[in-house]
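Whatever order the structure lists them in is the order used to number ligands and atoms, beginning at 1.
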Amino acid sequence: MTAPADTTPALAVTGLSKRFGASVALQDVDLAIGPGEVHAVLGENGSGKSTLIKILSGFHRPDAGTVAVSGQPLPLGHPASSYRLGARFVHQDLGLVDSIPVLDNLAIGAGFATRLGTISARRSSERARADLARVGLAVDPGASVGSLSPATRTGVAIARALREDPGSPVRLLVLDEPTATLPATEVDRLMDIIRRVSAAGVGVLYVTHRLDEIFTIAGNVTVLRDGREVAAVPTSSLDHRRLVDLLVGEELTAAHHVAETLPAEGERPALSLRGITGASLDGFSADFGAGQITGIAGITGSGRETVLGAAFGAIDRTGEVLTAGGVRLAPSRPDLAMRHGLAYLPADRVRNAAILSLSARENISLSSLRPFRRFGTMRGRPERRIALTWFQRLSVRPPDLVDLPLESFSGGNQQKIMFAKWLRREPVVFLLDEPTQGVDVGAKAVLHRQLVQAAAGGAAIVISSSDVDELAAICQRVIVCRDGRAAADLRGGEVSARAISRECLLGSASPNHGVSSTTGVPRPGASPGRVFPDQGFPDQEGPADK
Ligand SMILES: Nc1ncnc2c1ncn2[C@@H]1O[C@H](COP(=O)(O)OP(=O)(O)OP(=O)(O)O)[C@@H](O)[C@H]1O
Ligand SMILES: [Mg+2]
């Protein structure tokens, strides 16, 4: 990393505005980031953070405003200029191409091939290894990106952003929710990387919904609400409470310990897993109770991130999965799992389970087509009414615009729409990987309440999460994975963020255990995760929205 010679701001934004049709995404936003400064940009889902970033990267052209990177005016709407001036991005959707190897993904700059594409295969492979090593990843450069875990994919996107290019040294690093899929050990490593980068004089624009990270890493904070700047202050002038007030206004509802309202644990399992093996699992067994919220914790590679996909049939496995009625679910048959009342929200749900070009309304009804079909065409009105109900229930923003394509919604609002898609089926067993990833602090409370309600209605809710605070807040029971098995089973009063973290790290050879596990290279004999199919869902009624 080459340090800029002077104190020219790494980024200077003035009067930036952007509308999409009638909706205002950004209104007269100013932002200045000094060299070596880590500046957090915060705001609720849909407040304009990603829009700001996409303007900086040249993807969107603003309606008004100016941007300078390291003192140089940025020609707007031009990705190659943004790169040339030294701006680098890790976008919320990562911007990786799944079908091609890590190596080729690293060589793609901001959506265009860099000069590195022309060097010899051997040299580019060495170079890729070095790029990956810089962020502590030991992933094979020849592996296709589609086969990697969400955490490893994030690592590849960060490695690409930090790739050294003597023709265009990095001045500004922009990270849009880079930790959404990262477990705690890997978050720590990312924080170290950011510290190192900023110490070399690079300005960092950091977007996250995990508020603790801001106090760890950011010197200054800008808060957006509905596209407007409501605060730009040093982090040292804030505490957690004040920050939450700035974000959501003063009316945050308590998200914590919502599961206390659920009855004590019953005996009836709604789903039983026996000796599940494959994709980082090695004989995982557990029962999940009806009417309960069970958490799954563990470092990356422990089985935490594959167990629910394997149970559902989205990831290949051996071993037995039994329903409450004693039905044995065949592996790799998500269609049968759904027919028996299972629902699965994958971690990378927008990529795996949504169709971005279809409307929110169509995505919500995808899991359950029958009520809307008549003479082979979709009946618009009931589908619309149901989508509107769910938009209100989950506070999707912008409200009521159910006909907008899913890609027009902010990341967090896309997650809420995916939630609606499954909740409306009233699943008997609802398996969720990283359920509130990318969701703001207020919306998280809304989604947690929906899960508690579903459990109170008798559903077995199983949440796999890298966020131990979330598990501690919502689960009555937490199973901790180590080495592909259920290694600990915390219940009732034993459940706390501390106890979960401790169990996750027990048996680790070193505090760095999570590092090597981010390689995403499956254990011998394990098969890579299959992309969750979204087509060909069996027709099934969605009674939840009646
Ligand atoms: N391509 C688009 N077409 C229409 N509207 C859009 C488009 N992109 C963003 N918007 C709208 O602009 C607003 C800001 O969205 P943006 O993605 O910037 O939010 P965000 O702050 O990044 O939210 P999140 O935390 O959920 O990622 C939202 O109302 C969104 O629906
Ligand atoms: Mg966003």
### Query
Could you state the interatomic distance from OG (Ser82) to NE2 (His78), rounded to the nearest 0.5 Å?
10.5 Å

### Task
Report the nearest protein non-hydrogen atom to atom 12 (O) of ligand 1: residue, atom name, distance rounded to 0.1 Å.
Ala25 CB, 3.4 Å

#### Entry: Numbering as shown, the atoms of ligand 1 that approach Ser410 to under 4.0 Å (heavy-atom distance)
15 (O), 16 (P), 17 (O), 19 (O), 20 (P), 23 (O), 24 (P), 26 (O)

### Query
Under 2.8 Å from the Mg ion (ligand 2), is there an N/O/S atom belonging to Gln92?
yes

### Task
Could you please spell out the steps behind the side-chain contact (heavy atoms from CB on, under 4.5 Å) verdict for Glu177 and His91?
CA-CA 8 Å; Glu177 298 189 38; His91 288 290; over 6 Å; no

### Summary
Closest to atom 22 (O) of ligand 1 (heavy atoms only, candidates Gly48, Ser50, Pro398, Ala22) is Ser50

### Message
In this structure, does ligand 1 have an atom that sits under 4.0 Å from one of the heavy atoms of Lys18?
### Response
no

### Task
Quick one: look up the protein heavy atom nearest atom 14 (C) of ligand 1 and list residue, atom name and how far away it is.
Gly46 O, 3.4 Å

#### Entry: Nearest-neighbour protein heavy atom for atom 1 (N) of ligand 1, which is reported as residue plus atom name and distance
Phe20 CE2, 3.8 Å

### Query
Below 4.0 Å from any atom of ligand 1, is there a heavy atom belonging to Ser47?
yes

### Message
Heavy atoms only, cut-off 4.0 Å: how does Glu177 contact ligand 1, side chain, backbone, both, or neither?
### Response
side chain

#### Entry: Arg397-ligand 1 polar pair, N/O distance under 3.5 Å
no

#### Entry: Gln92 neighbourhood, listing ligand 1 atoms whose heavy-atom distance to it stays under 4.0 Å
27 (O)

#### Entry: Donor-acceptor contact below 3.5 Å, side chain Arg304 vs main chain Gly298
yes

### Query
Looking at Phe20, does the NZ or CZ of Lys18 lie under 6.0 angstrom from its six-membered ring centre and within 45 degrees of the ring axis?
yes

### Task
Carefully, step by step, assess Phe409 and Phe391 under the rule ring pair (Phe, Tyr, Trp, His ring centres under 6.0 Å).
CA-CA 12 Å; Phe409 289 85; Phe391 261 49; 5.7 Å; yes

### Task
Any atoms of ligand 1 less than 4.0 Å from a non-hydrogen atom of Gly412? List them with their elements.
24 (P), 26 (O), 27 (O)

### Task
May I ask you to check whether Ser50 brings an N, O or S atom to under 2.8 Å from the Mg ion (ligand 2)?
yes

### Message
Tell me if the CZ atom of Arg195 is crowded by more than 12 foreign heavy atoms within 6.0 Å.
### Response
yes

### Query
So, does Ser144 use its side chain to make a donor-acceptor pair with the main chain of Pro101 at under 3.5 Å?
no

### Task
Indicate yes or no for a side-chain donor-acceptor contact from Thr389 to the backbone of Arg385 under 3.5 Å, with no hydrogens or angles considered.
yes

### Query
Starting from atom 18 (O) of ligand 1, which protein heavy atom do you reach first, and at what distance in Å?
Thr51 OG1, 2.6 Å

### Region of His209 that comes within reach of ligand 1 [heavy atoms, distance under 4.0 Å]
side chain

### Message
Checking Leu137 against Asp131 for the side-chain contact (heavy atoms from CB on, under 4.5 Å) test, could you report, in this order, the C-alpha distance in whole Å, the side-chain angles of both residues, the deciding distance, and whether it holds?
### Response
CA-CA 9 Å; Leu137 275 185; Asp131 292 333; over 6 Å; no

#### Entry: Proximal atoms of ligand 1 relative to Glu44 (non-hydrogen, under 4.0 Å)
21 (O)

### Query
Relative to the heavy atoms of Asn45, which atoms of ligand 1 are at a distance of less than 4.0 Å?
23 (O), 24 (P), 25 (O), 26 (O)

### Message
Looking only at side-chain N and O atoms, does Thr8 offer a donor or acceptor that is under 3.5 Å from a partner on Ser70?
### Response
no

### Task
Run the numbers on Asp28 and Glu229 for side-chain contact (heavy atoms from CB on, under 4.5 Å), then give the verdict.
CA-CA 8 Å; Asp28 200 19; Glu229 207 177 294; over 6 Å; no

### Message
Tell me the protein heavy atom at minimum distance from atom 10 (N) of ligand 1, and give that distance in Å.
### Response
Ser408 O, 3.2 Å

